[in-house]
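Here the structure is laid out as structure tokens; the discussion comes afterwards.
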Amino acid sequence: MTTRRLLLGLAAGTALAGPAAAQGEWPARSIRMISPFPPGGAADLLARALAEELTPVLRQSVVVENRTGAGGSVGTEATVRAAPDGYTLVMGSTGPLAINPALQRLSYDPERDLAPIALVAAVASVLVVHPAVNARTLAELLALARAEPGRLNYGSSGIGSAQHLFAELVKQQANVDITHVPYRGTGPAMVDTVGGRLTMMFDTTPTALPHIRDGRVRPIAVTSARRDPALPDVPTIGETLPGYEALGWYGILGPAGTPAAVVERMNREVNALLGRAEFRAKLAAQGVEPLAGTPAEFAALIARDRARWGEVIRRGNIRAD
């Protein structure tokens, strides 16, 4: 099953069976939602958008706290160590939940030590090149890479980041040699791509769009299975490398042992919010695909992508610093 099909299946599963949490039992005080990445990124923006909308619904403040480091593992671990009472949640994502377990020595197991609550969104990425690069299609770019192995390079937000693995998957499927240059964040990598010091990089569509519109970088292909509405003229990577698909996803989790009533209530409220046309439009305008589903479906997605990206890491012999 492709990522797209699984995510579409999740989007259809918006209801949970079982009794709702009794009004007044939870929450009785403010809720902390940890964003394990710096302000301004997709995880942080989603956390803050949800917190703003959920605060009046839950009648308690939902406060976003940035706990950054180790590719999202620091904030995720802080959630694991918190009391499982529903008052500490985390905006989880592909990196700390599906990639880091194969790349880092973690003091916890994301599947064992966290309780999936609600899937929130998926975000595609776009492969961009400096305008001086003599390639306007992925096929032409791969031809350049084959002509001079190792000469082309690409930037990422760090070893084992989603951007790194999205490019590594292209390299593995196309059997090409392109040099990886890791940075401490996508911002510095984009600066060097715009400046011509890098050939290319992957970036999430929302953050790449301003640079594309200003002509500072040229879009080559998107990572989703279907063309991105925000970039309708840009082909998918799968049109050149059949079967390629890579999406980043985001969702809310709590510590393992979070009460079932809390999980059910939070899942129900998040799914209701994601079903609102105005909120979906708000996310879509930023290149974010709203999703919804049950905790079990979210858990299945984590397990499946953990196995998938673990295999990419093993085949690429990728090691953390």
Side-chain angles (χ1 to χ4, degrees), residues 1-15 35 37 40-54 91-99 116-128 162-163 165-166 169 186 202-210 212-213 219 221-239 243-253 267 269-295 297-302 304-305 308-309:
M1 180 183 290
T2 68
T3 301
R4 182 76 182 188
R5 288 176 181 172
L6 178 55
L7 292 176
L8 288 175
L10 291 171
T14 58
S35 172
F37 294 98
D44 185 69
L45 292 174
L46 283 170
R48 293 182 186 281
L50 284 171
E52 181 181 3
E53 297 289 342
L54 289 172
M91 179 58 72
S93 60
T94 311
L97 300 179
I99 294 174
I117 294 175
L119 190 66
V120 175
V123 180
S125 288
V126 56
L127 173 60
V128 298
Q163 296 85 5
L165 296 189
F166 290 0
L169 186 58
T186 53
F202 282 88
D203 200 1
T204 58
T205 303
T207 53
L209 276 174
I212 293 171
R213 289 168 177 160
V222 296
T223 63
S224 48
R226 296 189 294 184
R227 294 196 180 195
D228 193 319
L231 295 167
D233 297 327
V234 178
T236 69
I237 292 176
E239 291 175 47
Y244 183 100
E245 183 185 10
L247 296 173
W249 41 257
Y250 301 87
I252 298 172
L253 305 94
N267 179 274
E269 300 295 1
V270 170
N271 284 340
L273 175 59
L274 293 171
R276 285 168 39 191
E278 63 273 21
F279 190 74
R280 294 178 65 86
K282 179 179 178 180
L283 296 184
Q286 301 298 317
V288 177
E289 179 182 1
L291 298 171
T294 67
E297 289 168 326
F298 187 13
L301 175 61
I302 294 170
R304 199 218 55 182
D305 265 17
R308 180 194 189 202
W309 293 119

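Counting from 1, the numbers follow the sequence of the chain as shown.
- Interatomic distance, CD of E245 versus CG of L169, reported as 10.5 Å (0.5 Å rounding).
- Between T236 and A225, the shortest heavy-atom distance links the atoms CG2-O, 3.8 Å.
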**Q.** Verdict with supporting geometry, F166 and L247, side chain to side chain contact (heavy atoms under 4.5 Å, CB included)
**A.** CA-CA 9 Å; F166 290 0; L247 296 173; 5.9 Å; no

Q: Please lay out, stage by stage, how E269 and L54 fare under the test side chain to side chain contact (heavy atoms under 4.5 Å, CB included).
A: CA-CA 8 Å; E269 300 295 1; L54 289 172; 4.0 Å; yes

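- With a 4.5 Å cut-off on side-chain heavy atoms, R280 and P290 count as touching.
- Rounding to the nearest 0.5 Å gives a distance of 5.5 Å between NZ of K282 and CD of E53.
- Residues W249 and F298 approach most closely at CZ3-CE1, 3.8 Å, considering heavy atoms.
- In terms of modelled atom types and a separation under 3.5 Å, the side chain of N267 and the main chain of G293 share a donor-acceptor contact.
- Put simply, CG on D305 and CG on L165 are 10.5 Å apart, with the number rounded to the nearest 0.5 Å.
- A donor-acceptor pair shorter than 3.5 Å cannot be found between the side chains of D228 and S224.
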**Q.** I212/V126 under side chain to side chain contact (heavy atoms under 4.5 Å, CB included): CA gap, chis, key distance, verdict
**A.** CA-CA 10 Å; I212 293 171; V126 56; 4.2 Å; yes

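- No side-chain heavy atom of V120 sits under 4.5 Å from any side-chain heavy atom of V288.
- For the atom pair CG of L301 and CG of L97, the computed distance is 9.5 Å after rounding to the nearest 0.5 Å.
- Contact detail for L209 and A230: the closest heavy-atom pair is CD1-CB, 4.0 Å.
- At least one side-chain heavy atom of T205 sits under 4.5 Å from a side-chain heavy atom of L231.
- Using a 4.5 Å heavy-atom cutoff, the side chains of Y250 and L46 are in contact.
- For the atom pair M91 CE and R48 CZ, the distance stands at 11.0 Å (nearest 0.5 Å).
- Heavy atoms only, all atoms of each residue included: L274 and L119 are closest at CD1-O, 3.6 Å.
- Smallest separation of non-hydrogen atoms from A43 and S35: C-OG, 4.1 Å.
- Within the 4.5 Å cutoff, the side chain of L127 has no heavy atoms near those of the P219 side chain.
- Between Q163 and F202 the shortest heavy-atom distance is CG-O, 3.2 Å.
- Under the 4.5 Å side-chain criterion, counting only non-hydrogen atoms from C-beta, F279 is in contact with L50.
- No donor-acceptor pair under 3.5 Å is formed between the side chain of E52 and the backbone N or O of A49.
- The backbone N or O of S125 sits less than 3.5 Å from a side-chain atom of T223, completing a donor-acceptor pair.
- V222 has its side chain out of reach of I237: every pair of non-hydrogen atoms, C-beta onward, lies at least 4.5 Å apart.
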